[in-house]
Amino acid sequence: MIYYFSGTGNSRFVSQKLAEILEEECRIITDVNPSTEIAAGQYLGFVFPVYSWGVPPVMLDFINRLPQSLKEIVNIGQMPVWCVMTCGDETAMAPEMFQRCVESNGMKLDSIWSVIMPNNYVLLPGFDVDTRAIEEEKIKKAPARIKEIAEGIRQHMKVVDVTRGNMAWIKTKGVYPLFKKWGINTKKWSSSGTCVSCGICAKACPMKNIVMKEGRPEWGPDCCSCLACYHSCPRHAVRYSSITDKKGQYFLPDKHEKSKPSE
């Protein structure tokens, strides 16, 4: 079984490709009740994006809520446990963060991998999406990297094969805690006058945190800062204060076509 979390589609893409190659089922964690899960398949895999050089809190919470019965099946059956992190450029110390979480829950993480995918974080000054050329180059290279990872999983490799980047410790230990405390602020989300009441942002939210009221989106308290709403909006009407007004948007190629509203 492969469990994944994805907002803009990068980790969904990687998870689905791995599931196809490894002949495993993949499920998004927000559609799963972790307390009732059983260990199914040949592997226990986790795929998720790197958030501010750390692990998304929603993924850590999912691991912490897995039942003892699943952990016992994994350990008794010596089922390989692995994770793949998608990142725009680097993981920093996110692998160690996830490893500590898994091990604190009585399991052993056998391998950790990363796949570079297009950048999509836009909520701070200086952060924006990649240029179209860089985006296309990253997407072009991803399938080969995914096949390489799948082969390593099949061979039961015990590795940490990631792109860490510079000043990894400072980024994870210094920036990630600030992201958890201040970087997830639902009060800053709103819609502009270009909103056409299509409801795509609400449908895109993996947390089911957006509801349409009188034709406009309203954000609840369960935001995880995945940016699915912002990047899915075909009118660039979703705003995070004024920070995103002049920022770009990122769509996986198939996602944009599915997200066009009727005129």
Please find the pair of heavy atoms, one from [X] and one from [Y], that lie closest to each other, and give the distance.
X      : Y      : result
Met97  : Gly54  : CE-CA, 3.9 Å
Ala142 : Val115 : CB-CG1, 4.3 Å
Ile210 : Cys201 : CD1-O, 3.6 Å
Met79  : Ala39  : CE-CB, 4.0 Å
Ile139 : Pro143 : O-CD, 3.1 Å

Would you find a donor on one side and an acceptor on the other, under 3.5 Å apart, between the side chain of [X] and the backbone of [Y]?
X      : Y      : answer
Gln249 : Ser232 : no
Asp110 : Lys158 : no
Asn75  : Gly106 : yes
Arg12  : Phe5   : no
Thr172 : Trp169 : no
Asn209 : Asp222 : yes
Glu25  : Met1   : no
Thr131 : Ile134 : yes

Please check if [X] and [Y] belong to a single hydrophobic cluster, counting links between Ile, Leu, Val, Met, Phe, Trp and Tyr side chain heavy atoms closer than 4.5 Å.
X      : Y      : result
Leu66  : Val55  : yes
Met212 : Val196 : no
Ile116 : Leu227 : no
Val74  : Ile63  : yes
Val84  : Val159 : yes

Assess whether side-chain hydrogen bond (donor to acceptor under 3.5 Å, both in side chains) is satisfied between Ser191 and Arg216, documenting all intermediate values.
-> CA-CA 7 Å; Ser191 60; Arg216 302 300 288 266; 3.0 Å; yes
[X] bridged to [Y] by N-O distance under 4.0 Å:
X      : Y      : answer
Asp61  : Arg65  : yes
Glu137 : Arg132 : no
Arg100 : Glu103 : no

Please assess Asn64 against Cys101 for the test side chain to side chain contact (heavy atoms under 4.5 Å, CB included), listing each intermediate value before the final yes or no.
-> CA-CA 7 Å; Asn64 290 332; Cys101 180; 3.7 Å; yes
Quick one: pull up [atom1] in [X] and [atom2] in [Y] and give me the separation to the nearest 0.5 Å.
X      : Y      : atom1 : atom2 : value
Cys198 : Lys203 : SG    : NZ    : 8.0 Å
Cys223 : Met207 : SG    : CE    : 8.5 Å
Lys108 : Gln78  : NZ    : CD    : 9.5 Å
His156 : Ser111 : NE2   : OG    : 9.5 Å
Trp182 : Leu124 : CH2   : CG    : 13.5 Å
Ser225 : Tyr240 : OG    : OH    : 6.0 Å

[X] atom [atom1]: more than 12 heavy-atom contacts under 6.0 Å:
X      : atom1 : answer
Asp245 : CG    : yes
Lys71  : NZ    : yes
Lys208 : NZ    : yes
Gln68  : CD    : yes

How about Glu151 and Gln155: does a side-chain donor come under 3.5 Å of a side-chain acceptor?
->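 On atom types as modelled, these side chains qualify, holding a pair under 3.5 Å.
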Heavy-atom distance under 4.5 Å between the side chains of [X] and [Y], does that happen here?
X      : Y      : answer
Cys195 : Pro217 : yes
Met85  : Ile112 : yes
Leu109 : Cys83  : yes
Ile243 : Val122 : no
Asp161 : Arg145 : yes
Ser6   : Phe13  : no
Leu70  : Ile38  : no
Pro80  : Ile153 : no

Check against side chain to side chain contact (heavy atoms under 4.5 Å, CB included), Arg154 and Ile21 | CA-CA 10 Å; Arg154 280 176 171 163; Ile21 297 170; 3.7 Å; yes
Please name the residue in the list Thr8, Asp128, Asn10, Asp130 that meets the side chain to side chain donor-acceptor pair (under 3.5 Å) test with Tyr250.
->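 Among Thr8, Asp128, Asn10, Asp130, the one that satisfies the side chain to side chain donor-acceptor pair (under 3.5 Å) with Tyr250 is Asn10.
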Qualifying residue for side chain to side chain donor-acceptor pair (under 3.5 Å) with Thr86, from Ser15, Ser11, Ser114 |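 The single option meeting the side chain to side chain donor-acceptor pair (under 3.5 Å) with Thr86 is Ser11.
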Trp82, Phe62, Phe48, Tyr43 screened by ring pair (Phe, Tyr, Trp, His ring centres under 6.0 Å) with Tyr3, the one that passes |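 It is Phe62; the other options fail the test.
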According to the interplanar angle, ranging from 0 to 90°, do the rings of Tyr230 and His236 count as parallel (below 30°), tilted (30 to 60°) or perpendicular (above 60°)?
->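 If you compare the ring of Tyr230 with that of His236, the planes turn out perpendicular.
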Is there a side chain to side chain contact (heavy atoms under 4.5 Å, CB included) between Leu123 and Lys188 once you walk through the steps?
-> CA-CA 10 Å; Leu123 302 189; Lys188 291 187 177 182; over 6 Å; no
Hey, do the aromatic rings of Tyr176 and Trp53 have their centres closer than 6.0 Å?
->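 No; Trp53 has its ring centre 6.0 Å or more from that of Tyr176.
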Is the ring centre of Phe98 less than 6.0 Å from the ring centre of Phe46?
->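 That pair passes the under 6.0 Å test.
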Any chance you could lay out the salt bridge (charged side-chain N to carboxylate O under 4.0 Å, His left out) test for Arg27 and Glu37, step after step, and finish with the verdict?
-> CA-CA 11 Å; Arg27 302 176 67 188; Glu37 284 298 288; 3.1 Å; yes
Given Arg164, which of Met93, Glu90, Lys171 fulfils the side-chain contact (heavy atoms from CB on, under 4.5 Å) condition?
->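 Single pass found, and it is Met93.
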Output all residues satisfying salt bridge (charged side-chain N to carboxylate O under 4.0 Å, His left out) with Lys247, sequence neighbours left out; order by chain, then residue number.
->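 By the salt bridge (charged side-chain N to carboxylate O under 4.0 Å, His left out) rule, Lys247 matches no residue at all.
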Residue pair Gln99, Val160: steps toward the side chain to side chain contact (heavy atoms under 4.5 Å, CB included) verdict | CA-CA 10 Å; Gln99 185 173 30; Val160 177; 5.6 Å; no
